[in-house]
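In what follows, every heavy atom counts, from backbone to side chain, and hydrogens, waters and symmetry copies are set aside. Chain identifiers are assigned alphabetically (A, B, ...) following the order of the sequence lines, protein sequences preceding nucleic acid strands; residue numbering begins at 1 within each chain. This is a predicted model, so every value here is computed, not measured.
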Amino acid sequence: MPELPEVETVRAGIAPHIEGATIRGVEVYHRQLRYPIPEAIETLYNATIEKVERRAKYLILTTTRGRVLIHLGMSGAIRILPDDFEHKKHDHFVLRLSGNQALIYNDPRRFGFILLYGKDESIPFLEKLAPEPLTDQFTAAYLHPKLKGRTRPIKSILMDQAFVVGAGNIYANESLFMAGIDPQRPANNLSLEEVERLVQEVKKVLARAIEQGGTTLKDFTTPDGSPGYFAQELLVYGQKGQPCPLCGQEIERIVIGNRATYFCSQCQK
DNA sequence: ATCTGACCCTGTCTGC
DNA sequence: TGCAGACAGGGTCAGA
């Protein structure tokens with residue numbers, strides 16, 4: 001489910017409700033996510049949530065008793081509800097908060113995870129990440145040299161969090177279409193000018209998707225339960241057999257790195 | 001060092 | 001209607 005725009009939508013949705021709240025209860029209903037929820041998570045009892053941040057596709061809750069790292073995986077979702085909320089299937093983790101609120105982590109496929117780190121402890125998951133795409137650090141001058149010697153398809157590079165952060169399968173497909181670049185191209189044969197185009201389109205696509213509250217394909221909802229509206233603007237993702245919005249040729253579906261890849265062979269060279 | 005493919009798990013949809 | 005198989009927004013790891 002969640003790529004950068006969806007995670008950012010979640011962050012923006014939950015932050016105003018839980019920043020400043022105190023944790024009055026920690027409930028684990030299914031510990032076994034991608035990594036087990038640590039037993040020490042219970043030490044958050046009586047901690048206060050100071051801030052909610054996002055880095056790449058990770059959420060970081062900084063509390064007075066350590067930092068909670070949350071990754072939503074493919075199907076993770078967070079909702080903030082009144083204390084007497086109705087439990088749903090796959091609600092694995094609940095924080096009871098002051099103000100009669102609850103933060104609920106739901107994840108059918110359990111590819112996500114929740115881990116706990118000390119205030120000054122380093123978080124290995126965050127250390128090898130590339131720059132945020134929506135900052136000035138993500139430029140062609142940064143990316144182009146990194147592609148030297150890389151023969152992998154450019155689409156695999158776009159989805160590799162060591163090169164660019166936050167673009168998953170949907171936005172990698174859309175960005176490559178917007179930039180007019182064939183997703184199968186070996187990364188090292190993109191010209192500087194092409195990388196410049198790609199960088200700009202990645203920024204535009206992600207920024208636009210954040211404005212729209214992310215992409216709801218089937219089950220993604222913002223924390224208040226409303227869908228993201230970017231799905232209506234998808235030009236190639238999931239459009240196999242449909243006419244290309246630019247030239248009318250059929251959108252093709254191929255597989256790159258085990259992931260569905262949609263593109264127009266006429267417009268993307 | 002780099003790249004590919006298998007794998008983690010559940011739900012939904014398609015075609016027989 | 002039932003069932004098998006394909007597929008799904010992510011990331012890690014072993015092996016080539």
Side-chain angles (χ1 to χ4, degrees), chain A residues 1-11 29-37 54-59 69-78 88-93 105-115 123-130 146-176 183-189 202 205-206 209-210 212-222 227-241 253-262:
Chain A
M1 172 230 313
E3 303 178 42
L4 185 151
E6 290 74 34
V7 179
E8 178 58 24
T9 298
V10 170
R11 188 206 61 75
Y29 295 97
H30 197 136
R31 192 174 297 280
Q32 201 58 50
L33 303 181
R34 180 182 182 99
Y35 310 111
I37 300 173
R54 178 193 58 75
R55 172 73 172 103
K57 301 173 191 168
Y58 295 90
L59 287 169
L69 183 73
I70 301 176
H71 195 290
L72 301 174
M74 291 277 260
S75 57
I78 290 176
K88 293 210 299 194
K89 196 173 181 184
H90 307 300
D91 283 349
H92 304 314
F93 177 77
Y105 178 84
N106 183 287
D107 189 355
R109 292 177 73 180
R110 288 189 272 121
F111 284 179
F113 55 87
I114 298 171
L115 294 172
I123 302 181
F125 292 97
L126 304 184
E127 279 174 2
K128 291 189 172 176
L129 293 175
K146 286 199 77 166
L147 303 182
K148 192 171 267 183
R150 303 302 179 132
T151 58
R152 290 157 70 190
I154 184 61
K155 187 195 172 221
S156 296
I157 296 283
L158 272 190
M159 294 180 65
D160 185 332
Q161 307 299 296
F163 289 82
V164 197
V165 130
N169 203 26
I170 294 177
Y171 302 113
N173 277 293
E174 294 296 308
S175 302
L176 284 161
Q184 305 165 99
R185 290 266 300 280
N188 64 353
N189 88 14
V202 167
V205 167
L206 292 177
I210 291 172
Q212 295 299 301
T215 300
T216 294
L217 288 186
K218 38 190 303 205
D219 53 5
F220 171 75
T221 61
T222 62
Y229 295 103
F230 194 73
Q232 299 162 17
E233 300 185 22
L234 295 177
L235 299 176
V236 289
Y237 183 85
Q239 306 298 311
K240 179 186 176 188
R253 179 189 186 279
I254 59 174
V255 174
I256 295 176
N258 277 329
R259 309 300 294 274
T261 302
Y262 301 88

Contact class for [X] (heavy atom, under 4.0 Å): base, sugar-phosphate, or nothing?
| X | result |
| --- | --- |
| A:Y35 | sugar-phosphate |
| A:Y171 | nothing |
| A:T151 | sugar-phosphate |

How long is the line joining [atom1] of [X] and [atom2] of [N], in whole Å?
| X | N | atom1 | atom2 | result |
| --- | --- | --- | --- | --- |
| A:L158 | C:dG9 | CG | C1' | 16 Å |
| A:I78 | C:dG9 | CD1 | P | 20 Å |
| A:M74 | B:dC7 | CE | P | 16 Å |
| A:N258 | C:dG9 | CG | P | 11 Å |
| A:D107 | B:dC8 | CG | P | 16 Å |

Using OP1 and OP2 only, check whether a side-chain N or O of [X] sits under 4.0 Å from [N].
| X | N | result |
| --- | --- | --- |
| A:Q161 | C:dG10 | no |
| A:H71 | C:dG11 | yes |
| A:R34 | C:dG11 | no |
| A:R259 | C:dG10 | yes |

B:dG5 and C:dC7, which share atom name P, separated by this distance in whole Å: 15 Å

Could you check whether any side-chain heavy atom of [X] comes within less than 4.5 Å of a side-chain heavy atom of [Y], counting everything from C-beta outward?
| X | Y | result |
| --- | --- | --- |
| A:N169 | A:Y237 | yes |
| A:Q161 | A:Y58 | no |
| A:K155 | A:R259 | yes |
| A:L147 | A:I154 | yes |

Under-3.5 Å donor-acceptor pair between A:R109 side chain and B:dC9 base: yes

Minimum-distance nucleotide to [X] side chain [options: [options]]:
| X | options | result |
| --- | --- | --- |
| A:L217 | C:dG9, C:dG10, B:dC9 | C:dG9 |
| A:R152 | C:dG9, C:dG11, B:dT4 | B:dT4 |
| A:A260 | B:dT10, C:dA8, C:dG10 | C:dA8 |
| A:K89 | B:dG11, B:dC3, C:dG9 | B:dG11 |

Heavy-atom donor-acceptor pair, A:Q212 side chain to A:F230 backbone, under 3.5 Å: no

Aromatic ring of A:F111 stacked on base six-ring of C:dG10, 5.5 Å, 30°: yes

